[in-house]
Number of protein chains: 2
Amino acid sequence: MMVKSKLKLVEVDYASEGEANCKALGQIFERIGDKWTIMIVGALSRGPMRFNALQRSIPGLSHKMLTTTLRGLERDGLVTRTAFATIPPRVDYELTEQGSSLHEPLLTLASWARSQQSYIEGARKRFDERAEE
Amino acid sequence: MMVKSKLKLVEVDYASEGEANCKALGQIFERIGDKWTIMIVGALSRGPMRFNALQRSIPGLSHKMLTTTLRGLERDGLVTRTAFATIPPRVDYELTEQGSSLHEPLLTLASWARSQQSYIEGARKRFDERAEE
DNA sequence: CAGGATCCGGACGGATACTG
DNA sequence: CAGTATCCGTCCGGATCCTG
């Protein structure tokens with residue numbers, strides 16, 4: 001069953017909210033913004049995965065960072081952890097409903113990154129060349 | 001004139017691309033993911049702003065982080081810097097077309113954060129309580 | 001006002017070694 | 001296999017001081 005996640009684009013002015021609210025949203029952005037969070041949610045969007053499979057699927061992701069990020073996602077209720085008492089042990093990670101609802105916004109962002117990639121790379125190159133006087 | 005930015009949700013599988021491409025996208029995510037980037041783009045989405053106005057509009061943003069982030073955005077071609085040779089000097093920062101095209105994806109994300117805020121806070125609380133055995 | 005330069009503590013994250 | 005624990009270098013980012 002698909003998760004209904006058609007987000008209304010309400011007037012969320014994420015920069016100029018009340019201070020308290022701004023801080024709260026900031027805490028959430030800190031998780032979302034995390035490079036590995038994005039990758040992991042992307043990987044899990046296709047279904048449950050085991051720890052090592054997850055790590056192998058994301059180049060550059062270290063053992064430590066994977067566990068840390070997974071704990072964070074679990075804490076936020078975006079990912080569930082299921083351990084099987086087999087030998088060798090097996091642990092599956094899976095997106096919760098809320099976790100998978102995050103996938104669509106991230107896809108939007110990824111799509112943007114894709115479409116702007118060459119522009120940004122060009123801008124960076126020009127900027128750097130200009131900087132070497 | 002509104003920037004046309006209806007992004008097609010193509011099959012961007014941001015987790016399992018080629019290694020090279022993954023690295024490249026990662027570099028872009030690093031900028032987007034940055035807490036302050038999000039805030040600054042949000043603030044600038046309403047129009048050009050001066051340095052100090054920008055800083056005051058975002059609670060907790062230090063002098064140094066503002067300049068650093070602005071340089072980054074300028075380097076990526078997402079923000080323009082315009083200096084007026086007046087006394088005292090005045091510098092306006094403004095989103096480029098590409099920069100403002102980032103605003104909509106970010107709004108989507110902010111909207112998601114908003115809608116999941118209480119859920120996440122609850123999940124965190126429960127997780128933390130459960131952790132104190 | 002806008003910012004560069006410098007110092008410095010603390011957090012982040014990699015490598016390694018050890019458990020169940 | 002799936003972690004936890006520890007060590008330790010690096011870099012981030014705040015505070016401060018100084019320029020045009």
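Each chain gets a letter, A, B and so on, in the order its sequence line appears, and its residues count up from 1.
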Can you pull every protein N or O that's under 3.5 Å from an N or O on nucleotides 14-17 of chain D?
from: dG14(D); atom 1: OP2; to: Ser62(B); atom 2: OG; distance (Å): 2.6
from: dG14(D); atom 1: O6; to: Lys64(B); atom 2: NZ; distance (Å): 2.3

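For Gln55(A) and dC1(D), the CD to C1' distance is 12 Å, given to the nearest whole Å. To the nearest angstrom, P of dC12(C) lies 12 Å from CZ of Arg31(A). What separates CD of Glu30(A) from C1' of dG13(D) is a distance of 13 Å, to the nearest Å. One atom, NZ of Lys35(B), and another, P of dC12(D), lie 16 Å apart when rounded to the nearest Å. Atom CG of Asn52(A) is separated from atom C1' of dC1(D) by 6 Å (rounded to the nearest Å).
Taking 4.0 Å as the cut-off between side-chain N and carboxylate O, Glu74(A) and Arg71(A) count as a salt-bridged pair. Between Asp92(A) and Arg90(A), at least one side-chain N (NZ, or NE/NH1/NH2) sits under 4.0 Å from a carboxylate O, which counts as a salt bridge.
Atom-to-atom distance recorded for Leu54(B):CG and Tyr93(B):OH is 8.5 Å, nearest 0.5 angstrom. The CD1 atom of Ile58(A) sits 13.0 Å away from the CE atom of Met65(A) when rounded to the nearest 0.5 Å. The line from CD of Gln98(A) to OH of Tyr119(B) is 3.5 Å long, rounded to the nearest 0.5 Å. From Ile32(A), atom CD1 reaches atom CG of Leu78(A) across 8.5 Å, with rounding to the nearest 0.5 Å. In this structure, the separation between CD on Gln117(A) and CD on Glu121(A) is 4.5 Å, given to the nearest 0.5 Å.
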Original post:
Step by step, would you call Arg31(A) with Leu73(A) a side chain to side chain contact (heavy atoms under 4.5 Å, CB included)?
Top reply: CA-CA 8 Å; Arg31(A) 166 140 334 283; Leu73(A) 286 168; 3.9 Å; yes

Original post:
Is there a side chain to side chain contact (heavy atoms under 4.5 Å, CB included) between Leu106(B) and Thr37(B) once you walk through the steps?
Top reply: CA-CA 10 Å; Leu106(B) 289 187; Thr37(B) 295; 5.8 Å; no

Subject >> side chain to side chain contact (heavy atoms under 4.5 Å, CB included) between Leu66(B) and Phe51(B), intermediate numbers included >> reply: CA-CA 8 Å; Leu66(B) 179 54; Phe51(B) 187 88; 3.7 Å; yes

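Among the nucleotides dT4(D), dA2(D), dA2(C), the one closest to any side-chain atom of Arg50(B) is dA2(C).
Looking at residues 86-94 of chain A, you'll see Pro89(A) sit with a heavy atom under 4.0 Å from some atom of DNA chain C. Looking at residues 68-85 of chain A, you'll see Arg71(A), Arg81(A) sit with a heavy atom under 4.0 Å from some atom of DNA chain D.
Following chains of ILVMFWY side-chain contacts shorter than 4.5 Å, one can reach Val91(B) starting from Val79(B), so the two form part of one hydrophobic cluster.
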